[in-house]
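Heads up: the structure comes next, in structure tokens.
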Amino acid sequence: MAEFERHEYDVLIIGAGGAGLRAAIEARASGLRTAIICKSLFGKAHTVMAEGGIAASMGNVNSKDNWMVHFRDTMRGGKFQNNWRMAELHAKESPDRVWELETYGALFDRTPEGKISQRNFGGHEYPRLAHVGDRTGLELIRTMQQKIVSLQQEDFAETGDYESKIKVFAELTITEILKTDGKVSGALGYWRESGEFVVFEAPAVVLATGGIGKSFKVTSNSWEGTGDGHALALKAGGNLMHMEFIQFHPTGMVWPLSVKGILVTESVRGDGGVLRNSEGRRFMFDYIPPVFVKQYADTEAEADGWYTDPENNRRPPELLPRDEVARAINTEVKAGRGSPHGGVFLDVSTRLSPEVIKARLPSMWHQFKELADVDITKQAMEVGPTCHYVMGGVQVDPDTGAATGVPGLFAAGEVAGGMHGSNRLGGNSLSDLLVFGRRAGMGASEYVAGLGSKPALAQSDIDSAIATAVAPFNGASKENAYAVHYELQQMMNDLVGIIRVGAEMTQAIEKLDAMKARAKNVSVTGDRLFNPGWHIALDLMNMLVVSEAIAKSALEREESRGGHTRDDFPTMDPKWRAIHVITSWDGSKVSTKRESLPPMPNELASLFDIEELKKYLLPEELAQLAVGGN
Amino acid sequence: MGYLASMRIWRGNSADGQLEEHKVEVGDGEVVLDVIHRLQATQTPDLAVRWNCKAGKCGSCSVEINGKPRLMCMTRMNTFAEDETVTVTPLRAFPVIKDLVTDVSFNYQKAREIPAFKGPENLKPGEYRMAQVDVQRSQEFRKCIECFLCQDTCHVIRDHEENKPQFAGPRFFIRIAELDMHPLDQLNRTKAAQEEHGLGMCNITKCCTDVCPEHIKITDNAIIPMKERVVDKKYDPLVWLGNTISRRKSD
Amino acid sequence: MENGVGAPGRAKIGVRHLRTDKWWISPLISVVVLLSFIAYSTWRAFENDFYYVDHLVSPFYSPCLATSCPPEAAILGTPFGDWWTLSPALLILVFPLGFRLTCYYYRKTYYRAFWMSPSACAVAEPHKKYTGETRQPLLLQNSHRYFFFAGLIFNIILTYDAIIAFKNPAGEWGHMSVGTLVLLANAIFLWMYSLSCHSCRHAVGGRLKHFSAHPFRYKMWTFVSTLNPHHPKFAWVSLIGVALCDLYVRSVATGQITNFYIF
């Protein structure tokens with residue numbers, strides 16, 4: 001029997017980004033002993049990379065804004081594929097979550113009246129994003145981190161132990177969620193530093209592990225985005241939904257190669273950046289889809305006027321939702337009108353002075369200056385689409401974050417699915433983390449309170465989980481995990497990328513089968529002490545499962561919508577709006593099924609114009625809603 | 001494009017270690033972290049490296065390159081001559097775990113010792129009003145990505161292990177300054193800065209500012225202003241007298 | 001090497017530093033310049049001559065306070081009477097010296113260059129123990145602001161000296177010589193050095209918590225903040241400037257050169 005540490009907690013939170021930390025705050029507030037698992041150092045989570053802001057309809061800049069407008073924008077952005085209840089909760093609660101951050105010590109940029117300033121962003125009707133320059137994610141993660149520390153200080157004052165109620169386990173990876181009698185009973189993990197195993201006994205586990213970007217070659221995600229939570233949930237018996245919807249952010253760096261994919265914030269466009277092709281044309285005017293013609297300008301003059309007079313001008317088409325812009329750039333490049341390094345030009349220097357650029361976009365200026373020798377106050381940036389966010393994730397109950405089918409398992413943030421539908425609006429991610437992080441923390445607390453006795457861990461389960469984790473040291477072949485990972489990323493980019501075709505995805509699924517077989521035989525050299533070769537071998541398993549879920553979901557959905565574009569089914573089909581592709585794990589492979597959600601209640605549906613609803617809903621759905629008179 | 005670079009990498013653990021030389025391919029526009037990754041993928045799969053975002057935003061990949069504390073992801077290979085040997089070692093102010101990874105828990109302990117932000121009790125969430133000019137000093141310090149390069153380079157602890165218990169380090173001096181300058185923070189942090197967190201140990205030799213990848217003016221904008229505030233509170237009889245007579249709070 | 005970078009648990013690298021650049025150049029220049037200045041100023045202070053000629057006063061001797069001063073140079077009278085028989089410079093040099101000695105920038109420079117604590121970043125220092133500025137005499141560094149205010153008085157006096165230099169040897173106003181420009185430049189450099197001082201920045205507004213409640217002081221703070229990053233530059237320029245200014249006055253006073261009148 002292998003040796004391991006053992007810890008007992010009421011709630012185990014996997015992930016120390018915005019959602020995980022917000023969940024931890026809530027769980028501790030309910031009096032629960034909480035463990036936070038952090039795959040990297042505390043405060044380094046991928047939330048730090050968010051740039052633009054947190055969407056919340058506080059109405060500080062335009063008083064016409066309210067939750068209903070935000071809800072509408074979110075549903076439109078997601079092409080009505082969203083779980084409407086999540087979108088509703090999100091729109092209603094995000095202002096409170098942002099204001100709360102100020103009481104934790106966050107310092108957002110201010111309006112002249114001293115309120116939190118809000119900026120424009122793609123798909124949002126009014127200036128809505130609370131921000132700090134272009135480093136809002138850093139502010140969010142640091143604020144939450146410091147809030148956790150302040151709670152630990154309170155606990156220290158009370159008990160003499162900083163970690164009596166919340167403990168952060170930094171640089172620890174969870175490999176398996178353990179269940180007893182169908183309920184969550186704990187988890188197995190290993191310290192990345194020492195390679196020693198750790199067993200957590202906990203009746204509730206909150207997944208807050210973020211995204212899956214590392215399955216793709218060109219991505220804005222860090223190494224942590226290996227889809228651990230998605231894979232853990234699947235293997236624990238949970239479902240994933242919407243996995244075909246992957247957001248390719250329209251503007252990632254394209255050069256130098258080593259930084260290809262690194263994000264260029266949407267604020268560049270929100271603050272006045274324009275997209276041009278190699279012929280100098282502002283091509284976005286050619287790509288306004290019919291569902292958006294009412295909101296977007298069709299002349300350069302009107303678009304330019306919007307920045308100063310949004311009442312009398314429609315928005316520039318650069319600020320269309322991300323899926324539209326990403327596809328447009330992709331098309332331009334394929335048509336041979338791209339920039340020298342295979343992107344298009346994004347230029348903010350023509351509209352803003354160098355001082356304003358440096359004040360509003362300091363990290364962008366810095367990033368281009370240091371990594372690409374480009375001075376964005378004088379030159380245009382070269383940008384192209386990059387895998388940024390997965391809309392799909394664990395199927396959960398909107399109000400509590402409880403994962404469908406696994407009592408004791410919860411999920412929040414990017415790892416949870418449904419909130420963003422087929423496409424996420426910029427800024428809605430950080431607010432999602434806060435709103436649903438809190439709700440998952442509350443949900444877990446209620447679940448634990450209602451649980452008679454904690455399920456006991458079975459030693460045999462621990463042993464077999466450890467055996468799985470050390471398997472790569474006994475790998476039969478000389479297979480190199482780095483090489484398989486590299487192939488996976490290239491394959492996903494090529495075959496299940498921004499534009500998809502049925503035949504290619506069938507091919508991808510076959511290739512994934514072969515890679516899974518190879519990954520089983522990966523062999524690792526060295527010992528368990530901080531061994532990246534071993535870490536990647538374990539992460540690779542998760543990425544393969546997630547990739548399989550993506551490929552199979554994408555093959556299933558025979559239409560184009562949001563973050564899922566099929567060359568063989570190029571249009572959006574209302575028939576598919578009611579269908580949600582669900583994936584599950586049968587022990588050796590991913591299988592898919594179709595599900596429908598309860599229809600939107602009348603009071604939410606009536607927030608929309610009937611003409612708009614007609615574009616998305618089937619006639620029979622419209623008839624049920626009885627909003628015809630609206 | 002493309003050449004073979006000589007990389008000298010420190011490999012070992014807390015017991016022992018040595019610099020090992022490797023020849024690694026370097027591509028156009030690459031940074032040191034790319035080269036380390038290539039080394040990992042092709043020659044030394046178990047080379048321990050801590051990294052995360054690879055975009056200079058998370059502050060994980062702190063090491064010393066040619067003896068200078070740097071982020072690997074922000075150090076471009078074209079800043080070295082092609083025939084130059086590039087030496088990469090772990091941070092030298094903290095205990096090493098393995099290869100390029102060090103134990104930076106010192107910094108997390110120090111973070112706990114700084115009292116957190118304390119807002120006004122009479123304001124509810126949503127009622128905070130702060131002017132931009134009042135928050136921007138603190139905002140500069142909140143740019144900190146906690147790479148701990150400033151902590152690593154600070155000779156107070158780098159060269160004197162025994163100072164660690166009584167010295168918070170530059171990263172936490174900017175944290176104290178941030179809170180002391182926060183328009184709504186209710187605590188007075190000046191005396192503690194000197195008496196508990198070791199501000200007086202700093203001899204303002206500015207290495208922290210020199211290595212900061214976020215270009216935060218740690219010394220000029222945080223440490224020296226805090227030292228001046230300490231003088232107000234502890235060493236300047238006139239200011240002390242003035243404050244006592246008029247009972248004016250430092251506003 | 002058992003302490004510091006050689007402490008148990010840290011990576012065993014075995015050398016004080018691995019820097020490949022010429023990190024020792026900057027401290028070396030500091031040592032050379034500062035030592036030259038000290039040597040020159042000490043010699044000049046004790047020389048006790050050639051500090052006044054034709055309405056040009058050497059900054060080393062201004063204000064001239066002892067009875068031995070020529071009446072035109074003793075702008076504040078001679079309050080010290082005749083008991084002081086040494087150079088009048090010694091009475092006053094302590095203030096500018098104190099200002100520079102406690103200056104945040106010079107502290108960095110001499111801690112690095114002379115005390116090697118540290119000589120350069122990430123170069124291990126040679127000392128076994130280090131307590132920083134927590135004990136006497138280094139607690140006296142906290143008196144910097146007093147020297148700053150004293151320095152302001154000197155700036156006013158040296159500015160006055162520069163104005164006096166608009167007289168010709170006959171005492172008529174409205175003339176300008178190379179000497180005038182030298183004294184004027186010296187005064188300007190000293191003002192820039194003083195105004196960019198960290199204590200000045202604190203006093204004008206840095207100590208406030210709410211800039212928004214004190215718009216004028218915020219303006220002043222903003223102004224000082226734009227100068228402050230150049231404090232090191234002004235520190236060197238004004239230091240060398242004051243020595244060159246004295247050298248110019250001395251050269252004219254000894255007759256080695258003639259003070260050329262522009263008009």
Side-chain angles (χ1 to χ4, degrees), chain B residues 10 12 14-19 64 66-69 84 87 89-96 102-103 131 133-134 137 152-153 155-156 158-163 180-183 198 200-207 210-211 217 219-220 224-225 227-232 234-236 250-251, chain C residues 3-5 7-13 15 17-21 23 104-105 107-108 111-112 115 117-118 120-125 127-135 138-139 141-146 198-199 201-203 206-215 218 222 225 228-229 231:
Chain B
W10 192 86
S14 59
D16 208 2
Q18 64 289 316
L19 289 164
E64 299 189 8
N66 284 350
K68 282 189 192 167
E84 189 178 346
T87 307
T89 70
L91 300 178
R92 296 184 71 185
F94 305 119
V96 69
T102 47
D103 174 3
V133 293
D134 292 341
R137 272 186 301 180
D152 175 60
T153 198
H155 69 111
V156 178
R158 183 185 176 94
D159 295 338
H160 303 279
E161 183 74 22
E162 73 282 4
N163 284 338
D180 209 53
M181 295 174 188
H182 189 302
M201 309 271 278
C202 167
N203 67 348
I204 49 175
T205 36
K206 272 198 166 172
C207 289
D210 287 353
V211 300
K217 300 276 177 287
T219 320
D220 287 332
I224 295 176
K227 278 187 174 248
E228 284 291 312
R229 287 173 181 219
V230 168
V231 178
D232 282 349
K234 280 180 70 99
Y235 302 112
D236 186 337
S250 105
D251 55 350
Chain C
N3 194 0
V5 288
R10 300 199 198 175
K12 290 191 174 38
I13 293 172
V15 290
H17 70 86
L18 284 164
R19 283 184 65 164
T20 51
D21 55 337
W23 55 267
Y104 286 100
Y105 171 68
R107 272 145 81 182
K108 168 198 164 182
Y111 287 139
R112 279 197 187 195
W115 198 242
S117 177
C121 303
V123 175
E125 56 173 272
H127 309 285
K128 277 223 158 61
K129 271 192 76 66
Y130 173 86
T131 54
E133 300 183 331
T134 58
R135 298 181 185 185
L138 293 184
L139 275 177
Q141 305 282 31
N142 290 311
S143 59
H144 186 50
R145 55 181 61 180
Y146 287 101
H198 294 85
S199 284
R201 187 171 180 230
H202 175 74
R207 64 195 304 277
L208 299 172
K209 198 164 177 122
H210 297 102
F211 283 144
S212 55
H214 303 85
Y218 174 59
T222 312
S225 297
N228 182 258
H231 197 48

Measure [X] against the heavy atoms of chain B and call it side chain, backbone, both or neither at under 4.5 Å.
X: C:Tyr218; result: side chain
X: C:Asn142; result: both
X: C:Leu138; result: neither
X: C:Thr131; result: backbone
X: C:His17; result: backbone

With under 30° as parallel and over 60° as perpendicular, where do the rings of B:His155 and C:Tyr130 fit, or are they tilted in between? perpendicular
Please find the pair of heavy atoms, one from [X] and one from [Y], that lie closest to each other, and give the distance.
X: B:Ser14; Y: C:Lys12; answer: O-NZ, 3.4 Å
X: C:Lys209; Y: B:Asp180; answer: NZ-O, 3.0 Å
X: C:Phe211; Y: B:Asp134; answer: N-OD1, 2.7 Å
X: B:Asn203; Y: C:Ser117; answer: ND2-O, 3.0 Å

Let me confirm one number: the [atom1]-[atom2] distance from [X] to [Y], rounded to the nearest 0.5 Å.
X: B:Lys217; Y: C:Ser225; atom1: NZ; atom2: OG; result: 12.5 Å
X: C:Leu208; Y: B:Arg137; atom1: CG; atom2: CZ; result: 7.5 Å
X: C:Ile13; Y: B:Glu64; atom1: CD1; atom2: CD; result: 7.0 Å
X: C:His202; Y: B:Ile224; atom1: NE2; atom2: CD1; result: 12.5 Å

So which of [options] has the biggest tally of heavy-atom pairs under 4.5 Å with chain C?
options: B:Leu91, B:Asn163, B:Val211, B:Val230; value: B:Asn163
options: B:Met181, B:Glu161, B:Arg158; value: B:Arg158
options: B:Leu19, B:Asp103, B:Val96; value: B:Val96
options: B:Gly198, B:Cys202, B:Ala93; value: B:Ala93
options: B:Thr219, B:Thr205, B:Thr102; value: B:Thr205
options: B:Gln18, B:Glu162, B:Glu84; value: B:Glu162

Any donor-acceptor pair under 3.5 Å from B:Arg92 side chain to C:Ala122 backbone: no
Is [X] in contact with chain C via its backbone, its side chain, both, or neither, using a 4.5 Å heavy-atom distance?
X: B:Thr87; answer: side chain
X: B:Pro183; answer: both
X: B:Tyr235; answer: side chain

Derivation and outcome, side chain to side chain contact (heavy atoms under 4.5 Å, CB included), residues B:Lys68 and C:Arg19: CA-CA 6 Å; B:Lys68 282 189 192 167; C:Arg19 283 184 65 164; 3.5 Å; yes
Who pairs with C:Arg145 by side chain to side chain donor-acceptor pair (under 3.5 Å), at least two apart in sequence or on another chain? B:Glu228, B:Asp232, B:Asp236
Answer yes or no: does atom CH2 of C:Trp23 have more than 12 heavy-atom neighbours from other residues, nucleotides or ligands under 6.0 Å? yes
Got a salt bridge between B:Asp220 and C:Arg201, using NZ or NE/NH1/NH2 to carboxylate O under 4.0 Å? no
Pair B:Asp210 + C:Lys108, salt bridge at N-O below 4.0 Å: no
Side-chain touch C:His198/B:Lys227, heavy atoms, less than 4.5 angstrom: no
For B:Asp16, which residues count as a salt bridge (Lys or Arg N to Asp or Glu O under 4.0 Å) partner, sequence neighbours excluded? none
